[in-house]
Amino acid sequence: MHFVDNYRRAQRAGVLAATLLGAALTLQAGTALAQGGADMSDMKDMKKVPPMSEKKAAKTATASGTVTALNAADHKITFDHGPIPAINWPAMKMEFAVAPSVDLAKVKTGDKVNFTLSSSGGTYTVQSITPAP
């Protein structure tokens, strides 16, 4: 009986050790992805970007920037934009989904534009694009 009890304790200890190791590796991988998994190299100071729960408070925001890429097939656009105070974002280069009502044929790479964003579930979608003066 002594052997069986020790064997079960060893099994439980092994399962616990594997669980803890898995959790530690998951946290390290998550941190690595958060630090370098997305191309946000143009962000000046990540500390200025509020948590998603705070971003959800603002429903719309306006900004200005330069169009750096267009993906008409997927209806996406990339802006190199200035700070967006309404949602506490620093200046950065970022790709956005574009609402179906926005005609991307009227925009080209290099255009300086003003645009309006709306939030939905923590993500922002471009609702309008107009030429900047």
Side-chain angles (χ1 to χ4, degrees):
M1 224 17 140
H2 182 67
F3 174 76
V4 172
D5 287 340
N6 284 341
Y7 178 74
R8 286 189 182 149
R9 281 188 197 138
Q11 277 186 320
R12 282 193 295 252
V15 169
L16 179 60
T19 302
L20 291 174
L21 180 60
L25 292 174
T26 301
L27 289 173
Q28 288 176 347
T31 301
L33 286 174
Q35 290 176 353
D39 182 20
M40 299 180 88
S41 59
D42 292 333
M43 290 186 74
K44 304 272 189 281
D45 187 358
M46 193 64 177
K47 292 177 187 171
K48 292 181 184 177
V49 180
M52 286 299 245
S53 60
E54 291 179 34
K55 288 182 197 174
K56 289 181 185 177
K59 295 293 179 194
T60 62
T62 57
S64 60
T66 303
V67 177
T68 60
L70 287 168
N71 183 343
D74 291 335
H75 221 62
K76 293 185 177 188
I77 192 166
T78 303
F79 295 115
D80 188 357
H81 64 77
I84 307 176
I87 53 178
N88 293 323
W89 280 5
M92 69 179 113
K93 184 176 179 181
M94 187 172 180
E95 181 181 62
F96 293 96
V98 180
S101 60
V102 177
D103 185 6
L104 290 178
K106 296 181 179 181
V107 184
K108 65 183 183 306
T109 302
D111 284 354
K112 302 232 185 277
V113 296
N114 295 320
F115 58 97
T116 303
L117 300 172
S118 69
S119 68
S120 172
T123 62
Y124 286 87
T125 303
V126 176
Q127 297 297 322
S128 68
I129 303 173
T130 56

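Hydrogens, waters and symmetry mates play no part in the numbers below; they use all other heavy atoms, side chains included. Please read these numbers as outputs of a predicted model, since none were measured by experiment.
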(message) Measuring from atom OG1 of Thr130 to atom CG of Asp111, what distance do you get when rounded to the nearest 0.5 angstrom?
(response)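 One finds 11.0 Å between OG1 of Thr130 and CG of Asp111.
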
(message) Measuring from atom CZ of Phe79 to atom CE of Met92, what distance do you get when rounded to the nearest 0.5 angstrom?
(response) 13.0 Å

[Y] and [X], any side-chain heavy atoms less than 4.5 Å apart:
{"X": "Thr116", "Y": "Val126", "value": "no"}
{"X": "Tyr124", "Y": "Ile84", "value": "no"}
{"X": "Ser128", "Y": "Asn114", "value": "no"}

Side-chain donor-acceptor pairs under 3.5 Å in residues 65-77, sequence neighbours left out?
unit_1: Thr66; atom_1: OG1; unit_2: Lys112; atom_2: NZ; d: 3.3
unit_1: Thr68; atom_1: OG1; unit_2: Thr78; atom_2: O; d: 3.3
unit_1: Asn71; atom_1: OD1; unit_2: Ala73; atom_2: N; d: 3.4
unit_1: Asn71; atom_1: OD1; unit_2: Asp74; atom_2: N; d: 3.1
unit_1: Asn71; atom_1: ND2; unit_2: Asp74; atom_2: OD2; d: 3.1
unit_1: His75; atom_1: NE2; unit_2: Ala99; atom_2: O; d: 3.1
unit_1: His75; atom_1: NE2; unit_2: Val102; atom_2: O; d: 3.2

(request) Search all heavy atoms of Pro85 against all heavy atoms of Pro83 and return the closest pair with its distance. (result)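 Nearest pair, atom of Pro85 first, then Pro83: CD-O, 3.4 Å.
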
(request) Classify the angle between the aromatic ring planes of His81 and Phe115 as parallel (below 30°), tilted (30 to 60°) or perpendicular (above 60°). (result) perpendicular

(request) Enumerate the residue pairs fulfilling salt bridge (charged side-chain N to carboxylate O under 4.0 Å, His left out) with a member in residues 122-133, sequence neighbours excluded, ordered by first and then second residue. (result)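 Matches after skipping sequence neighbours: none remain.
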
(message) If the condition is side-chain hydrogen bond (donor to acceptor under 3.5 Å, both in side chains), which residues does Ser64 pass it with, not counting sequence neighbours?
(response) none

